[in-house]
Each structure stands twice: as C-alpha cells, then as structure tokens.
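First up is the structure itself, then whatever we jot down about it.
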Amino acid sequence: MPTRSALRNDCPQPDSFHEMWRQLLPVGRNSASGGYRRFAWTGADADCRDWFREQARRRGLSYEVDRNGNQWAWLGDPAEGDAVVTGSHLDSVPDGGAFDGPLGVVSAFAALDELRRRGVRPTKPLGIVNFGDEEGARFGLACVGSRLTAGALTVDQAHRLTDADGITLPQAMETAGHDPDAIGPDPVRLGRIGAFVELHVEQGRALDLTGDRVGVASAIWPHGRWRFDFRGEANHAGTTRLADRHDPMLPYAETVLAARREAEQVGGVATFGKMAVEPNGVNAVPSLVRGWLDSRARDQERLDAVVGGVERAARAYAAAHGVQLDVERESFTPVVEFDHALRDRLARILGKDAGLKVPVLGTGAGHDAGILAGRVPTAMLFVRNPTGVSHSPAESAAEDDCVAGVLALADVLEGLAAP
C-alpha cells in the first residue's frame with residue numbers, strides 16, 4: 001500500500017511529469033488564440049499520437065493501436081486479464097485548454113514512473129490508453145473511440161459521420177493510415193480490463209472551493225446535444241419591411257435566452273454554443289438558422305424539464321414569426337454512476353495515510369470513463385482547477401496540484417495492481 005499521500009502538502013516532484021508536459025505543450029497550439037486545435041485524424045492529432053508511442057517506447061512498454069484507433073501501452077500481458085488501465089485523451093475542442101485530456105495521459109505515464117521509483121512490481125497487467133476523438137470537435141460526436149469499442153456507436157453510424165468540409169470519418173481515418181473497415185465493438189479487449197481509472201482536470205470549482213487538491217468522481221450528469229433548425233424565408237435586408245419578414249434569427253435569439261431561464265429554474269445548464277446561418281450574408285435576411293443546444297442536469301427529470309421547456313418556447317417563438325422549426329436529438333448519455341465499490345476503494349487508498357476524507361463529487365462533463373462504465377468497473381480522479389474554466393485557453397491547474405494528481409494516481413494504481 002502507499003507510504004505517503006498525495007493529499008499532503010509535502011509531495012515529491014516527479015521530474016518526468018514536467019518533462020513530458022513541456023514536450024506536449026506546443027503540439028497543436030494556435031498562436032493567435034493560445035488554445036489548442038488537436039482534432040481527430042489531423043496532423044496535430046498525428047503528432048500527439050507519435051508522442052504517445054514514443055513515451056511507451058522509452059519505458060519499454062508494449063504498444064498497440066486497436067481496431068478503433070485508440071492507442072494502448074502495456075506493462076505486462078493484457079491477455080492475462082483483470083488489467084488495471086488508466087489514461088484519457090489527447091484531442092481538444094476548438095481552441096481548448098492544455099489540461100482537458102492530456103493531463104490524464106501525461107499523469108498516467110508519470111504515475112508509472114513513480115511506481116518504478118518506489119520499486120512497486122504490479123501483479124496485474126497495467127495499461128495506459130489514449131482514446132481517439134473524445135471531444136468530437138471534428139465530426140460532432142463525442143467519445144467516438146470509446147463508443148465504438150464499447151458498442152455504443154454502430155459501424156454504420158460511425159461511417160455516416162462527416163466534418164464541416166464533408167469529409168467522412170472513414171475517409172479521414174484512411175488518410176491518416178488507419179483501416180476504417182476494421183472499426184467496431186471490441187468485447188474481448190474490454191473483457192480483459194478489471195478496472196479503468198481516468199484522471200482529469202476538474203471542469204468546475206468544487207475542489208477549489210473546498211481547498212482540496214484531488215477528488216474522486218461519483219457520477220456524470222445525464223447530458224445530450226439537440227439541433228434546432230429554424231427555417232424562414234431569405235430576403236433583402238434593405239428592402240423587406242419588418243412586418244413582411246419571416247426571419248429565423250429572431251426566434252433563435254429568443255430561444256437562446258429561454259435556455260438560460262429553463263436551466264436556472266432546475267439548477268441545470270443549457271448552452272447554445274454553435275450555430276450556422278444560411279445564406280450567411282450581411283445584407284440578407286436568413287433562410288435558415290441552425291443552433292445546437294447542449295444541456296446537462298444532475299438527474300433525468302431535471303434534464304427533461306430543461307430541454308422540454310426550451311423546445312416549447314422555441315416552437316412558440318417560431319410560430320409567432322412565421323418560421324418552421326425542426327428539433328433533432330443528435331446524442332444523449334444517461335446518468336452514469338461510477339462503480340461504487342471501486343469509487344470507495346479509491347477514497348480509502350487516498351485517505352489512508354493522510355487520515356483525511358477524500359471529496360467525492362459529481363460532474364456535468366462527459367468522459368470516456370462514462371462510456372466504459374457500463375462495461376467495466378470505472379472510476380475517475382479530479383485535479384483541482386483554480387478558476388473552474390475549461391474548454392478555453394484559460395483552463396489551468398497549479399503545478400503542485402498536477403504533481404499531487406500524479407502521486408494520487410500512483411497510489412491508486414499501486415493499490416489496485418499491486419495489492
């Protein structure tokens with residue numbers, strides 16, 4: 001069992017974390033925004049994947065890419081089963097921050113280095129994974145790599161995914177050197193995993209408010225994405241009387257405000273963060289305004305209340321302006337309760353030497369861990385985010401907190417893989 005706790009303030013500083021972090025930091029960074037554009041199956045993604053492969057090589061780990069493009073590094077033979085796996089993803093949202101995803105992958109390699117420094121010899125296979133296309137920034141669906149592996153996304157559905165340029169997922173994978181005809185469920189691989197633990201920067205301020213460096217996840221809120229298509233009538237912006245217009249921008253704007261009101265009523269969240277306009281001319285009344293709603297809440301009843309309220313308001317606004325409305329749910333993930341026994345075990349491991357109660361908190365953000373939770377025992381660790389900002393270049397975590405996360409993950413891996 002661990003001889004120290006990452007919850008204390010006198011943690012050693014694993015040099016390998018800082019070295020890896022410096023190496024990965026420039027990859028895919030946009031100089032204008034300071035954010036990252038590491039989109040699936042692009043050049044930046046390839047550079048990240050090369051980095052992962054090199055980290056595995058340096059440590060003498062066996063390396064493989066599975067049928068869905070996810071990368072794996074292994075200490076021991078995964079065929080033995082009951083493997084302990086950790087990791088996250090390396091891709092990003094448009095102009096995202098440095099920590100969301102990469103912190104979990106870098107920490108995984110650094111935690112393995114820490115175990116070796118301690119002289120720990122795992123009795124179970126130990127794996128590190130980089131799941132592909134977690135953010136869904138390019139093809140519009142989050143967690144593609146883990147969804148395919150878990151059978152939560154069919155091959156036909158995956159083959160129909162396209163990016164903004166009309167490039168399909170199979171085309172992008174093939175261009176990047178991966179066989180798109182090989183994708184699909186991977187039950188044998190998942191059957192070899194006894195526990196999956198994903199470390200992630202917290203996407204909120206719960207830990208900062210309590211003063212804790214590291215926490216354990218309890219659940220992921222139910223969440224989804226809905227597309228609202230407001231169809232009006234294109235016309236001249238300078239010659240069409242206001243009374244004669246069927247302008248879809250007006251009901252869309254009112255719907256954005258309605259989403260905020262509905263979310264506030266139940267303590268959920270609702271965001272229209274993406275939109276498309278046709279014909280998208282400065283001097284033209286739009287014919288189509290398409291907006292994507294992202295909504296999340298702590299339980300299904302609250303989420304249904306938010307989305308239902310937004311849709312009712314949108315239809316009333318559309319009718320008032322003589323505009324047609326179509327609403328389509330593009331993705332949905334029900335509430336994910338992480339394995340209670342594994343969650344409690346993590347809390348015991350982390351609190352053992354410190355004599356402290358480890359905070360357990362829920363999250364509104366989706367993760368690969370949430371996709372896998374229905375197939376393997378899964379848990380998550382969160383590292384404090386002092387501002388709570390995420391999916392932004394302003395996303396941050398203090399150096400000492402990152403190191404605390406590495407040591408916490410090392411403690412957990414030692415407790416699970418070398419009990």
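Computed from a predicted model, the values in this text were never measured in an experiment.
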Euclidean distance, [Y] [atom2] relative to [X] [atom1], rounded to 0.5 Å:
X    : Y    : atom1 : atom2 : answer
N70  : I183 : CG    : CD1   : 11.0 Å
L112 : S107 : CG    : OG    : 12.5 Å
C143 : I371 : SG    : CD1   : 4.5 Å
L75  : I128 : CG    : CD1   : 8.5 Å
L24  : Q55  : CG    : CD    : 8.5 Å
E202 : R213 : CD    : CZ    : 15.0 Å

Where at least one partner belongs to residues 151-173, residue pairs that pass salt bridge (Lys or Arg N to Asp or Glu O under 4.0 Å), sequence neighbours excluded: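 Listed once each, the pairs are R138-D163.
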Within the 6.0 Å centroid threshold, strictly below: [X] and [Y]:
X    : Y    : result
Y252 : F272 : yes
W72  : F52  : no
H200 : H367 : yes
F109 : F17  : no

Testing the basics here: between [X] and [Y], what is the closest heavy-atom pair and its distance to 0.1 Å?
X    : Y    : value
L61  : A73  : CD1-CB, 3.9 Å
D133 : F139 : OD2-CD1, 3.6 Å
A397 : P386 : CA-CD, 4.0 Å
A237 : A284 : CB-N, 3.8 Å

Can a salt bridge be assigned to the pair [X] and [Y] using a cut-off of 4.0 Å between side-chain N and carboxylate O?
X    : Y    : answer
E264 : R261 : no
D212 : R384 : no
R59  : D113 : yes
D326 : R231 : yes
R38  : D91  : no
R58  : E19  : yes
D304 : R302 : no

Any [X] side-chain heavy atom under 4.5 Å of [Y] side chain:
X    : Y    : value
L103 : C402 : yes
L207 : P359 : yes
V376 : D339 : no
V327 : D229 : no
L303 : D299 : no
F131 : V129 : yes
V214 : V358 : no
D95  : N30  : yes

Can W226 and E311 be said to form a side-chain hydrogen bond (donor to acceptor under 3.5 Å, both in side chains), step by step? CA-CA 10 Å; W226 290 261; E311 182 172 348; over 6 Å; no
Quick one: does T86's side chain have a donor or acceptor within less than 3.5 Å of a partner on V197's backbone?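 Between the backbone of V197 and the side chain of T86 there is a qualifying donor-acceptor contact (under 3.5 Å).
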Without swapping roles, check the side chain of R329 against the backbone of R225 for a donor-acceptor pair under 3.5 Å.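 No, the answer is negative, given that no donor and acceptor are paired below the 3.5 Å cut-off.
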Run the numbers on V106 and W51 for side chain to side chain contact (heavy atoms under 4.5 Å, CB included), then give the verdict. CA-CA 10 Å; V106 174; W51 175 90; 3.7 Å; yes
Given V306 and R296, is the side chain to side chain contact (heavy atoms under 4.5 Å, CB included) satisfied, shown in steps? CA-CA 9 Å; V306 173; R296 307 159 194 245; over 6 Å; no
Please lay out, stage by stage, how H321 and E254 fare under the test side-chain hydrogen bond (donor to acceptor under 3.5 Å, both in side chains). CA-CA 11 Å; H321 291 284; E254 292 171 312; 3.3 Å; yes
Check side-chain hydrogen bond (donor to acceptor under 3.5 Å, both in side chains) between Q203 and all other residues, then give those that pass, not counting sequence neighbours.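 With neighbours one apart ignored, the set is D100, S390.
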Using side-chain hydrogen bond (donor to acceptor under 3.5 Å, both in side chains) as the criterion, list what pairs up with E328, not counting sequence neighbours.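 Expected list: R227.
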Atom CD of E330: over 12 foreign heavy atoms under 6.0 Å: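 Check passes, neighbour count above 12.
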Stepwise salt bridge (charged side-chain N to carboxylate O under 4.0 Å, His left out) check, E64 with R189: CA-CA 12 Å; E64 60 177 330; R189 180 175 299 276; 3.2 Å; yes
Can you see whether D186 engages T149 through a side-chain donor-acceptor pair at a distance of less than 3.5 angstrom?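 Side chains of D186 and T149: no pair found under 3.5 Å.
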Could you check whether S88 and E198, counting side-chain N and O atoms only, form a donor-acceptor pair closer than 3.5 Å?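 Side-chain D/A pair, E198 to S88: present.
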If you apply the rule side-chain hydrogen bond (donor to acceptor under 3.5 Å, both in side chains), what do you find for E134 with H89, and how did you get there? CA-CA 6 Å; E134 193 271 353; H89 63 95; 3.1 Å; yes
